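A quick write-up on the structure given underneath.
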Number of protein chains: 2
Amino acid sequence: MLKLSRLTDYAVVVLSRMGRDSEPLQSAPGIAARTGLAEPTVAKVLKILAQSEIVEGLRGARGGYRLTRPLSSITLAEVIVAFDGPIALTACVDGGMGGCESEHLCPVRGRWDPVNHAIREALAGISVADLAGGGCGASLSFTTDQFVAAE
Amino acid sequence: MLKLSRLTDYAVVVLSRMGRDSEPLQSAPGIAARTGLAEPTVAKVLKILAQSEIVEGLRGARGGYRLTRPLSSITLAEVIVAFDGPIALTACVDGGMGGCESEHLCPVRGRWDPVNHAIREALAGISVADLAGGGCGASLSFTTDQFVAAE
DNA sequence: GGAAACCGGACGCGGTTGGTCCTATTTGAC
DNA sequence: GTCAAATAGGACCAACCGCGTCCGGTTTCC
């Protein structure tokens, strides 16, 4: 699998929808209604996106969320990091971070770094706008990870 | 995270150890003893590796496992596929495979493909020999995913 | 002052992973 | 010919994590 979390998938859908709409400020309930996703879920996604400053939340009545940047400048890597944490195939992120008590014994220490960097670069080269496409005006009622292909 | 399964990590350790040893035929209990991993776990890892024909199992007394190829020709992608299934960030693997009943509505359909291909290529470009290194003669008592860095 | 909306955290259910064990089969040694 | 050693394959159980939900609190506009 290597599959990313469902929330990440929702985030792409939500961001795509936000970018498609002309209204700059959109409420979580409104986005939920337009995407067909559950409202609490959309709210959670937007909260996380706001923490990463990918969207900006405005409180109060008539509040809502708006994109801080155009979709074309939001990379897939950013979104994944926001939900799944640092992009690294193993937990020994970049071989730094001390704390692994068996560091001096770990034979593969540091050797995953090139792999992780390669993946990071691949994900940083794709923007949400690329994923959203442009011609598809569908209602985004469904997400991409509906089921898994058995190995 | 995007972290791979623990079994995959074990597999890299086991393969590295097998490649380091001069004996071509090694038993699962023997490898377990040399790596410090639990014997049932090593057996499970080797069984899966054998199904993928990365190693070959010889039954009977004095049996064991041996590499079918040198470590340098075993790619990381192969190992990951053996344990985690097809390499794809979402479940809609390559947008093929019909079955997604909302295919005609799915706005990001097919757009993940370039990402998946990029990651696949990155992983296919790294061999187990690269990960195993060559100079480290440690006992491989520990694996790489001991703990997770909190997001 | 009330309503609408965001913010942050806590809770509980479900699915998946990971570790173990059991049995069957094969093969070499005595 | 019999026994021991080792792989093959599957089943089972416990622990963990993702994730959907809900709650109280705060802010802002009408």
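Keep in mind the model is a prediction, meaning the values are calculated, not measured. Numbered from 1 within each chain, the chains take letters A, B, ... in sequence-line order.
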(request) Would you classify B:A28 as touching base, sugar-phosphate or nothing, given that sugar-phosphate means primed atoms plus P, OP1 and OP2, and contacts are heavy atoms under 4.0 Å? (result) sugar-phosphate
(message) From the set D:dC19, C:dT27, C:dG19, return the single nucleotide nearest to any side-chain atom of A:S5.
(response) D:dC19
(request) Among the candidates C:dG18, D:dA8, C:dG28, find the nucleotide nearest to the side-chain atoms of B:A50. (result) D:dA8
(message) Nearest whole Å is fine: how far is C:dG8 C1' from A:Q51 CD?
(response) 8 Å
(request) Could you work out which one of C:dA5, C:dC7, C:dG18 sits closest to the side chain of A:S27? (result) C:dA5
(request) List for me each residue that meets salt bridge (charged side-chain N to carboxylate O under 4.0 Å, His left out) alongside B:R62, sequence neighbours excluded, and say none if there are none. (result) none
(message) From the set C:dG19, D:dG20, C:dG28, return the single nucleotide nearest to any side-chain atom of B:R6.
(response) C:dG19
(request) Describe the nucleic acid contact of A:L7 in one word from base, sugar-phosphate, nothing, applying a heavy-atom distance below 4.0 Å. (result) sugar-phosphate
(request) Answer with base, sugar-phosphate or nothing: what part of the nucleic acid does A:L58 contact at a heavy-atom distance below 4.0 Å? (result) sugar-phosphate
Under 3.5 Å, which protein N or O atoms sit close to an N or O of nucleotides 20-22 of chain C? Give each pair with its distance.
from   : atom 1 : to    : atom 2 : distance (Å)
C:dT20 : OP2    : B:T41 : OG1    : 3.4

(request) Would you mind listing every salt bridge (charged side-chain N to carboxylate O under 4.0 Å, His left out) that reaches into residues 67-80 of chain B, with sequence neighbours excluded? (result) B:R69-B:E78
(message) Does C:dG18 have OP1 or OP2 under 4.0 Å away from a side-chain N or O of B:Y10?
(response) no
(message) Measure CZ/B:F83 against C1'/C:dT16 and give the value in whole Å, please.
(response) 17 Å
(message) Can you measure A:Y65 atom OH to C:dC6 atom P for me and round it to whole angstrom units?
(response) 5 Å
(request) Could you state the atom-to-atom distance from CD1 of B:I48 to C1' of C:dG19 in whole Å? (result) 12 Å
(request) For A:E39, check salt bridge (charged side-chain N to carboxylate O under 4.0 Å, His left out) against everything at least two apart and list the hits. (result) none
(request) Could you give me the CA-CA distance, side-chain angles and deciding distance for A:S127 and A:D130, then say whether side chain to side chain contact (heavy atoms under 4.5 Å, CB included) is met? (result) CA-CA 5 Å; A:S127 74; A:D130 293 332; 3.2 Å; yes
(request) Measure from CD on A:Q26 to C1' on C:dC6 and round the result to the nearest Å. (result) 15 Å
(request) Round to the nearest Å and state the distance from B:I31 atom CD1 to D:dT7 atom P. (result) 8 Å
(request) Using distance alone, with no hydrogens and no angle criterion, decide if A:Q26 and A:R17 have a side-chain donor and acceptor under 3.5 Å apart. (result) no
Going by atom type alone, with no hydrogens or angles, which donor-acceptor pairs under 3.5 Å involve a side-chain atom of residues 41-49 of chain B and a protein atom two or more places apart or on another chain?
none

(request) Apply salt bridge (charged side-chain N to carboxylate O under 4.0 Å, His left out) to B:R59 and list each qualifying residue two or more places apart in sequence or on a separate chain. (result) none
(request) Test for a donor-acceptor pair under 3.5 Å between the base of C:dT25 and the side chain of B:R59, counting only N and O atoms. (result) yes
(request) Whole angstrom is fine here: how far is it from CG in A:L46 over to C1' in C:dC6? (result) 10 Å
(request) Rounded off to whole Å, could you give me the CG-to-P distance for the A:L25 and C:dA4 pair? (result) 17 Å
